[in-house]
Amino acid sequence: MKLTKISVSIGLILFLSFFYKITAQIPANVYHFEEKSKDGTLHHELKLDADYYVHTIYKESPAEFIKTMGGYYTTSGNNLKVDLEFNSNHKEDKITSINVPYKLQKGNLILEGVMPMTFTPTTLGTQDLDGKWLMTGRVTDQGEQRRDTSRPRKTMKYLLNGHFQWIAYNTETFEFFGSGGGTYDATNGKYTENIAYFSRDNSRVGAALSFDYKLNGKDWHHTGKSSKGDPLNEIWSIRE
């Protein structure tokens, strides 16, 4: 009888441990939280896929980019640890990694830091271009001009569930060169970005930019005009 009770107890502990690991895993999605401050409402956006985390803060009215940080993450218990690749505020705070307690509650993601924040998931769904993409080159009159994506200077586009963000940064020096993002739609070879924040020029917020796109293996060919109206023909490759 005692052995039976012990076996049941061990089995229950193992089941609960397994169940806890399942429930502790963060579903890939884009999450939003609004912070009320004396300077107005700050909009927090979290993008998390299976291994990459980006947290961006901006104001919608008047439009103002505040900061962004991101990198590869792991979870252990109820802690989320991120080894940052970029931090737009690095010159001031020198932060290169973060470790934040979290919990999942009724579909929401709660970060339990100094100020608990309850993030709600987006209802937008997946699209053709979802993923992390690195700028790998351009097409000119002379043909394709490729760049080495293993170098520390990177330009990445992170697309997830109808949201996009590009970030230009250096993984070794933590230099930050710019970022912009918002929502996107990719349908029948047409790719449209709706800008919600832009670190280089807040006046660009609200603009919609349309491009042609074509997938060729692991490459995304992206053609159209930049936010300044200049023609572009870019090649992005899926980040392995």
Side-chain angles (χ1 to χ4, degrees), residues 28 30 47-56 65 68-73 82-88 90-91 96 126-201 204 207-240:
V30 180
K47 296 184 187 72
L48 295 102
D49 62 12
D51 60 6
Y52 207 87
Y53 165 109
V54 175
H55 184 179
T56 302
F65 173 84
T68 188
M69 61 169 60
Y72 288 96
Y73 79 91
V82 187
D83 292 318
L84 297 175
E85 284 197 315
F86 62 88
N87 172 9
S88 63
H90 181 261
K91 285 185 179 180
T96 59
T126 59
Q127 298 190 49
D128 280 351
L129 296 176
D130 277 5
K132 298 183 291 290
W133 302 84
L134 291 175
M135 167 72 83
T136 53
R138 299 179 186 276
V139 179
T140 69
D141 294 338
Q142 287 73 44
E144 291 187 6
Q145 296 181 348
R146 294 270 180 165
R147 65 172 66 171
D148 180 7
T149 58
S150 66
R151 65 179 186 171
R153 175 67 167 85
K154 301 180 186 298
T155 300
M156 181 175 73
K157 271 196 177 184
Y158 190 10
L159 279 67
L160 182 64
N161 290 359
H163 293 74
F164 83 95
Q165 183 174 356
W166 63 266
I167 316 104
Y169 58 99
N170 187 303
T171 57
E172 289 185 356
T173 65
F174 267 80
E175 289 177 274
F176 173 77
F177 305 105
S179 183
T183 58
Y184 88 94
D185 178 75
T187 306
N188 297 326
K190 293 292 183 181
Y191 170 78
T192 302
E193 296 180 343
N194 301 290
I195 301 174
Y197 52 88
F198 191 13
S199 67
R200 294 175 179 172
D201 185 357
R204 298 300 301 163
L209 303 176
S210 293
F211 307 88
D212 294 322
Y213 80 89
K214 181 173 66 174
L215 292 174
N216 183 12
K218 295 182 179 180
D219 288 346
W220 158 17
H221 289 257
H222 179 74
T223 58
K225 292 186 177 181
S226 70
S227 59
K228 295 181 179 179
D230 300 324
L232 57 80
N233 191 337
E234 299 173 338
I235 303 171
W236 298 77
S237 297
I238 197 70
R239 191 169 191 183
E240 301 294 346

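Position 1 is the first residue of the sequence; numbering continues from there. Note that this is a predicted model, so its numbers are computed, not measured.
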Within 45° cone and under 6.0 Å: R239 NZ/CZ vs Y158 ring: no

Sub-4.5 Å side-chain heavy-atom contact between I238 and W220: no

Heavy-atom side-chain proximity of L134 to S237 below 4.5 angstrom: no

Heavy-atom side-chain proximity of V30 to F164 below 4.5 angstrom: no

Pairwise side-chain contact, I235 with V139, heavy-atom cut-off 4.5 Å (strictly under): yes

S199 (side chain) donor-acceptor with G178 (main chain) under 3.5 angstrom: no

Under 3.5 Å donor-acceptor, K214 side chain and G189 backbone: no

Geometric class of the Y191/Y213 ring pair [parallel <30°, tilted 30-60°, perpendicular >60°]: perpendicular

Check: S179 and Q165 side chains under 4.5 Å, non-hydrogen atoms: yes

Donor-acceptor pair, side chain of T56 and main chain of T68, under 3.5 angstrom: no

D230 with K225: basic N within carboxylate O range, under 4.0 Å: no

Chi angles and distances behind the side chain to side chain contact (heavy atoms under 4.5 Å, CB included) call for W166, M135: CA-CA 10 Å; W166 63 266; M135 167 72 83; over 6 Å; no

Y169 and F86 aromatic ring geometry - parallel, tilted or perpendicular at 30°/60° bounds: tilted

Check: R204 and L209 side chains under 4.5 Å, non-hydrogen atoms: yes

Student check: side-chain heavy atoms of L159 and Q127 closer than 4.5 Å: no

Sub-4.5 Å side-chain heavy-atom contact between D212 and K190: yes

Ring geometry between W236 and H222 (parallel below 30°, tilted from 30 to 60°, perpendicular above 60°): perpendicular

Under 3.5 Å donor-acceptor, D51 side chain and Y72 backbone: no

Side chain to side chain contact (heavy atoms under 4.5 Å, CB included) partner of I167, chosen from K157, M156, M69: M156

